[in-house]
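Quick note: residue numbers are just sequence positions, from 1. Note that the structure is predicted; figures quoted are calculated from it, not measured.
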Amino acid sequence: MKIRLTRFFLFCFIWPLVFPSAGFCAAGKIKIVATSSTLASIAEEITDRKADIYFIAAPKRDIHFIAPTPKDVMKLKEADVFIHAGLDLEAWRDPLLNAVGRLDFMWPAGEKQIDVSKGISLLEVPETLSRAQGDIHVYGNPHYWMDPENAKIIARNIAEKLAALYPEDQEWFLRNAETFSRKIDGRLASWSREMVPYHGSPVVVYHASWSYFAERFGLVIAGELELKPGIPPAPKHISELVASMKEKHVRVIITEPYRERRTPDRIAKETGARVLTLTQSVGAFKEAQDYLSMLDYDLTKVAEGVKAGRETP
Ligand SMILES: [Zn+2]
């Protein structure tokens, strides 16, 4: 025991004095599990080396439909904090938590879970809560992190809850959230300027996951391939969509890496539109390794797509 305590003292107190970049006791890192790579990336900005962060949904998978693995269950059982998107984005969240058996991670009352949707102004909130016809956005559109203003709210939610759970590091978390917000403000100003020429451009999306992004950057969602969120494209709906795209001169279809390409490619062929594969998940592409570079990637692709569409007769 004496040897163990001596080692602990050396690693936790002497080591950081010699190497200030260590800054804290590695053994004392907070164990965080996040549902997505994007929430994990924002949590990384806030905790900055004070946490080991694990995420469940691989960046190229549909966050709505994940089959958690035994490793995910094990990680959650051992975690200190659970970060998730709230609402019904992660349809697998509650069954997973039931399997894990952690009441303190259960939504909405668990004291060690962080629902980052707190304080977000939701879009497309239905008048009645119903999963009729398989709708998977029953509380409103849950893809809110694609508006950088909402990423600031997410960061603050994470920082405030961590500050409450770990008051000794309160200043660290809150200051990092401020720094992240300032970085977003800086980039948002330039993104908004760069998108001005494309304001009002109509785009069609595969799934209703781009509403916040479109609203922030002045794009108009002119239709969805899915009949309702989560309901696959149906022939009648697609033929109506094609007619409407031709009429409105829609030249961009936005999809994600995990969706089938046959339908968007067929529509593109019939309408002269381009199919853009964008991402909402940090790490899905090598150019999108954190929140800011992910937005950069998506906005650059959209601007190029809309511009090319305009130049095509
Ligand atoms: Zn969705």
Side-chain angles (χ1 to χ4, degrees), residues 29-76 79 81-87 89-93 96 114 116-117 142-148 150-155 157-159 162 176-177 179-181 183-184 187-188 191 205-207 209-210 212-213 216-217 254-261 275-305:
K29 285 190 179 190
I30 305 165
K31 285 184 278 204
I32 295 178
V33 171
T35 50
S36 74
S37 55
T38 306
L39 294 185
S41 175
I42 296 174
E44 188 68 51
E45 302 266 357
I46 307 307
T47 55
D48 186 14
R49 294 168 289 139
K50 293 213 176 212
D52 276 329
I53 304 174
Y54 174 84
F55 59 84
I56 294 173
K60 285 196 178 177
R61 296 289 306 279
D62 184 349
I63 184 76
H64 282 301
F65 306 108
I66 295 293
T69 63
K71 186 182 177 188
D72 299 330
V73 173
M74 194 260 299
K75 286 282 184 183
L76 260 175
V81 176
F82 175 51
I83 300 178
H84 62 98
L87 313 170
L89 182 82
E90 305 104 343
W92 41 274
R93 180 191 59 217
L96 171 63
I114 307 180
V116 299
S117 71
H143 298 270
Y144 51 79
W145 68 93
M146 293 309 291
D147 176 351
N150 289 343
K152 287 159 58 179
I153 297 175
I154 293 170
N157 282 334
I158 295 173
L162 288 177
N176 288 338
T179 306
F180 180 65
S181 288
K183 276 199 280 186
I184 293 222
R187 295 298 281 279
L188 187 52
W191 285 330
V205 297
Y206 197 112
H207 175 76
S209 42
W210 298 92
Y212 297 88
F213 178 87
R216 175 60 55 197
F217 297 109
I254 297 176
T255 188
E256 286 104 354
Y258 41 83
R259 301 198 188 281
E260 56 89 15
R261 276 296 293 257
V275 181
L276 307 180
T277 304
L278 307 185
T279 183
Q280 309 206 333
S281 300
V282 166
F285 302 123
K286 67 178 189 315
E287 299 90 339
Q289 290 304 313
D290 57 23
Y291 183 80
L292 294 171
S293 57
M294 177 179 77
L295 262 288
D296 241 348
Y297 180 87
D298 289 339
L299 284 164
T300 304
K301 290 274 175 199
V302 166
E304 285 170 1

- prompt: Would you find a donor on one side and an acceptor on the other, under 3.5 Å apart, between the side chain of Ser41 and the backbone of Ser37?
  reply: no

- prompt: Is the backbone of Asp72 close enough, under 3.5 Å, to the side chain of Thr69 for a donor and an acceptor to pair up by distance?
  reply: yes

- request: Please test Trp145 against Leu89 for side-chain contact (heavy atoms from CB on, under 4.5 Å), starting from the C-alpha separation and ending with a verdict.
  value: CA-CA 11 Å; Trp145 68 93; Leu89 182 82; 3.7 Å; yes

message: The criterion is side chain to side chain contact (heavy atoms under 4.5 Å, CB included); which residues satisfy it with Thr277, sequence neighbours excluded?
response: Thr255, Pro257, Arg261, Phe285

message: How long is the straight-line distance from NE2 of His143 back to CG of Asn150, given to the nearest 0.5 Å?
response: 13.0 Å

side-chain hydrogen bond (donor to acceptor under 3.5 Å, both in side chains) partners of Tyr206, counting only residues at least two apart: Glu260

query: Between the side chain of Gln280 and the main-chain N/O of Ser209, is any donor-acceptor distance below 3.5 Å?
result: yes

- prompt: What are the two closest heavy atoms between Val116 and Ala85, and how far apart are they?
  reply: CG2-CA, 4.0 Å

- line: salt bridge (Lys or Arg N to Asp or Glu O under 4.0 Å) pairs touching residues 280-291, sequence neighbours excluded, are none

query: Who passes ring-ring contact (aromatic ring centres under 6.0 Å, His included) against Tyr291, sequence neighbours left out?
result: none

message: Restricting to side-chain hydrogen bond (donor to acceptor under 3.5 Å, both in side chains), what partner residues turn up for Asp147, sequence neighbours left out?
response: Arg216

- request: List in chain and number order the residues that pass ring-ring contact (aromatic ring centres under 6.0 Å, His included) with Phe180, two or more places apart in sequence or in another chain; answer none if no residue qualifies.
  value: none

- request: Please indicate whether Lys301 has more than 12 foreign heavy atoms, meaning atoms of other residues, nucleotides or ligands, lying under 6.0 Å from its NZ.
  value: no

- line: Residues at least two apart in sequence or cross-chain that pass salt bridge (charged side-chain N to carboxylate O under 4.0 Å, His left out) with Glu256, listed by chain then number, are Arg259

field: Nearest-0.5 Å distance, CG of residue Leu276 to OG1 of residue Thr300
entry: 11.5 Å

field: Which residues share a side chain to side chain contact (heavy atoms under 4.5 Å, CB included) with Asp296, sequence neighbours left out
entry: Arg187, Trp191

field: Partners meeting side chain to side chain contact (heavy atoms under 4.5 Å, CB included) with Ser36 (sequence neighbours left out)
entry: Thr38, Leu39, Ile63

message: According to salt bridge (charged side-chain N to carboxylate O under 4.0 Å, His left out), who are the partners of Lys75, at least two apart in sequence or on a separate chain?
response: none

message: Classify the ring geometry of Phe213 against Trp210: parallel below 30°, tilted from 30° to 60°, perpendicular beyond 60°.
response: perpendicular

task: Drop me the distance from Glu45's CD to Ile184's CD1, to the nearest 0.5 angstrom.
output: 8.0 Å

message: Applying side-chain contact (heavy atoms from CB on, under 4.5 Å) to Phe217 and Met146, what does each step give before you reach the verdict?
response: CA-CA 10 Å; Phe217 297 109; Met146 293 309 291; over 6 Å; no

- request: Assess the side chains of Asn176 and Thr179: does a donor N or O sit below 3.5 Å from an acceptor N or O?
  value: no

query: Which atom names give the shortest non-hydrogen contact between Ser281 and Pro59, and what distance separates them?
result: CB-O, 3.3 Å

message: Test your reading of the model: is there a side-chain donor-acceptor pair from Asp298 to the backbone of Leu295, 3.5 Å cut-off?
response: no

task: Could you list the residues that satisfy side-chain hydrogen bond (donor to acceptor under 3.5 Å, both in side chains) with Thr279, not counting sequence neighbours?
output: none

Residue list, side chain to side chain contact (heavy atoms under 4.5 Å, CB included) with Asn157, at least two apart or on another chain: Lys118, Ile153

message: Could you check whether any side-chain heavy atom of Ile56 comes within less than 4.5 Å of a side-chain heavy atom of Trp92, counting everything from C-beta outward?
response: yes

message: How long is the straight-line distance from CD of Glu44 back to CZ of Phe55, given to the nearest 0.5 Å?
response: 11.0 Å

Glu90/Ile66 under side-chain contact (heavy atoms from CB on, under 4.5 Å): CA gap, chis, key distance, verdict: CA-CA 8 Å; Glu90 305 104 343; Ile66 295 293; over 6 Å; no

- prompt: Any side-chain heavy-atom pair from Ile114 and Leu162 closer than 4.5 angstrom?
  reply: yes

